[in-house]
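Just below is one structure, and these are the notes that go with it.
Keep in mind that the numbers below use all heavy atoms, side chains included, and drop hydrogens, waters and symmetry copies.
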Amino acid sequence: MAEINHFEYGWITPALSYALSVLGSILGLVCAGRIRTARTAGQRAWWGLLAAWALGGTAIWAMHFMAMLGFAVDGTRIRYDVPLTAASTAIAVVAVAIGLAIVGTGRLNPARLIAGGIFTGAGVAAMHYTGMAAMRLNGDLGYDTTRVVLSVVIAVVAATVALWLAMTVRRAVAIFCSALVMGVAVNGMHFTGMSAVSVHQHETRGAVTGASVGALLVPIVLAVIFGVVGLLYALLAAPTDDDRAAAAYLDARRLPEAAPAAPTAAPDPVGLRARSTLGQPGTPFPSRRDNPPR
């Protein structure tokens, strides 16, 4: 049985993982709030996709990878299978997207909330253990069944609470406090699952294949940065309820444009225009032949 260290770099990795989960939760809750005020199906799908990326990609998966930086096993290097690592990202985002679709379509009720929470929580747990299966090291991973079940239960409860908060909270203070709670729940699920791990080292050590943490760190950090910047830009560029109310008020106050006035004729005080036809275009010049003398 190999010795495992979950905090190789001290409290740096858990602190960063908690900060990522809180940041992703804040962005996800704000985007989910836009789902409720969206006017078209396309807008609801757009904000649902952004909320799924913020919650599934940043608050859950990026937090998982950051926490894994502190995971070390004595006597062996750790590498990661890139396709499985990418698959774990997709699982997290898709699970959250489906959960939001379940609770965000129609009126929110307990049945929808529980169904969405179970599906999303199971997806989050699948993401975690898929990411664990992507690890390559000189040893075999073992899991304590009780702690695995506990981690899945925590994931389901946390996902249910997160979906409920996503559909109900509106105020900035409530969103921030909810994100703090969600960060605790996400990290609690992760480290509960990690506490269930044991490593049985191989007697003969071979070459460990796969990508190192350093090789994955740069693209993942860049993806998180660009993702957060993109989410912030989408939120700042989109009109809020106050913006739409102000635009409607200005439209109501705006006076209709005046119709163009009809051209008016020049004044004719002595009635010459009525008596004479000389000024009319196309009128023949009068002649004596037209009016013979009597």
> Relative to each other, are the rings of His64 and His190 parallel, tilted or perpendicular (30° and 60° limits)?
Replying inline: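 Correct class here is perpendicular.
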
> What is the distance from atom CE of Met182 to atom CG of Leu55, rounded to the nearest 0.5 Å?
Replying inline: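 The distance works out to 5.0 Å.
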
> Which value, rounded to the nearest 0.5 Å, describes the distance between Leu141 atom CG and Met135 atom CE?
Replying inline: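 Nearest 0.5 Å value for the CG-CE distance: 4.5 Å.
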
In the single-linkage hydrophobic clustering (I, L, V, M, F, W, Y; side-chain heavy atoms under 4.5 Å), do [X] and [Y] co-cluster?
X	Y	value
Ile4	Val208	no
Ile220	Met68	yes
Leu165	Val22	yes
Val148	Ile154	yes
Ile60	Val156	no

Distance-minimising heavy-atom pair for [X] and [Y]:
X	Y	value
Thr130	Leu84	CG2-O, 3.8 Å
Ala51	Gly28	CB-O, 3.8 Å
Gly117	Leu163	N-CD1, 3.6 Å
Val224	Ala62	CG2-CB, 3.8 Å
Met189	Ala155	CG-CB, 3.7 Å
Cys31	Leu231	SG-CD2, 4.2 Å

> Can you pull the side-chain hydrogen bond (donor to acceptor under 3.5 Å, both in side chains) pairs that have at least one residue in residues 12-27, sequence neighbours excluded?
Replying inline: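 For residues 12-27: Ser17-Asn187, Ser21-Asn187.
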
> Restricting to pairs with a member in residues 82-94, which pass side-chain hydrogen bond (donor to acceptor under 3.5 Å, both in side chains), not counting sequence neighbours?
Replying inline: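 Found Trp61-Ser88, Trp61-Thr89.
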
>> Applying side-chain hydrogen bond (donor to acceptor under 3.5 Å, both in side chains), can you list everything that pairs with Arg112, at least two apart in sequence or on another chain?
In response: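 side-chain hydrogen bond (donor to acceptor under 3.5 Å, both in side chains) list for Arg112, sorted by chain: Thr105.
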
> Sequence neighbours excluded, which residues qualify as side-chain hydrogen bond (donor to acceptor under 3.5 Å, both in side chains) partners of Asp140?
Replying inline: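 In terms of side-chain hydrogen bond (donor to acceptor under 3.5 Å, both in side chains), with neighbours along the sequence ignored, Asp140 is linked to His202.
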
Using the side chain to side chain contact (heavy atoms under 4.5 Å, CB included) criterion, which residues pair with [X]? Sequence neighbours excluded.
X	value
Val149	Thr145, Val153
Leu232	Leu27, Val228
Ile175	Ile26, Leu29, Val30, Val169

>> Could you list the cluster mates of Phe226? Members are the ILVMFWY residues connected by side-chain heavy atoms closer than 4.5 Å, either directly or through other members.
In response: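 Result for Phe226 is Val218, Leu222.
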
Those residues that, when tested against [X], pass ring-ring contact (aromatic ring centres under 6.0 Å, His included) (two or more places apart):
X	answer
Phe191	Phe7
Phe71	His6
Tyr143	Tyr129

[X] side chain to [Y] main-chain N or O, any donor-acceptor pair under 3.5 Å?
X	Y	result
Gln201	Asp74	yes
Thr76	Leu137	no
Arg147	Ser195	yes

>> Quick one, Leu69 with Glu8, criterion side-chain contact (heavy atoms from CB on, under 4.5 Å). Give me CA distance, side-chain angles, the key distance, then yes/no.
In response: CA-CA 8 Å; Leu69 293 179; Glu8 186 179 16; over 6 Å; no

>> Heavy-atom count check: over 12 atoms from other residues, nucleotides or ligands less than 6.0 Å from Arg136 CZ?
In response: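 Counting neighbours around CZ of Arg136, more than 12 heavy atoms of other residues, nucleotides or ligands fall under 6.0 Å, so yes.
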
> Got more than 12 heavy atoms from elsewhere within 6.0 Å of CG, Leu49?
Replying inline: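 Counting neighbours around CG of Leu49, more than 12 heavy atoms of other residues, nucleotides or ligands fall under 6.0 Å, so yes.
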
>> Going by ring-ring contact (aromatic ring centres under 6.0 Å, His included), name the pairs with one or both residues in residues 19-48, residues two or more places apart or in two chains.
In response: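 Applying ring-ring contact (aromatic ring centres under 6.0 Å, His included) to every pair that reaches into residues 19-48, excluding sequence neighbours, yields nothing.
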
>> side-chain contact (heavy atoms from CB on, under 4.5 Å), that's the test. Do Leu100 and Thr120 meet it? Break it down for me.
In response: CA-CA 9 Å; Leu100 288 171; Thr120 305; over 6 Å; no

> With side chains defined as the heavy atoms from C-beta onward, is the minimum distance between Arg77 and Asn138 less than 4.5 Å?
Replying inline: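 Result no, sub-4.5 Å side-chain heavy-atom pair not found.
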
> Gln43 and Arg34: side-chain contact (heavy atoms from CB on, under 4.5 Å), yes or no, with the steps?
Replying inline: CA-CA 9 Å; Gln43 291 178 353; Arg34 299 296 178 91; over 6 Å; no

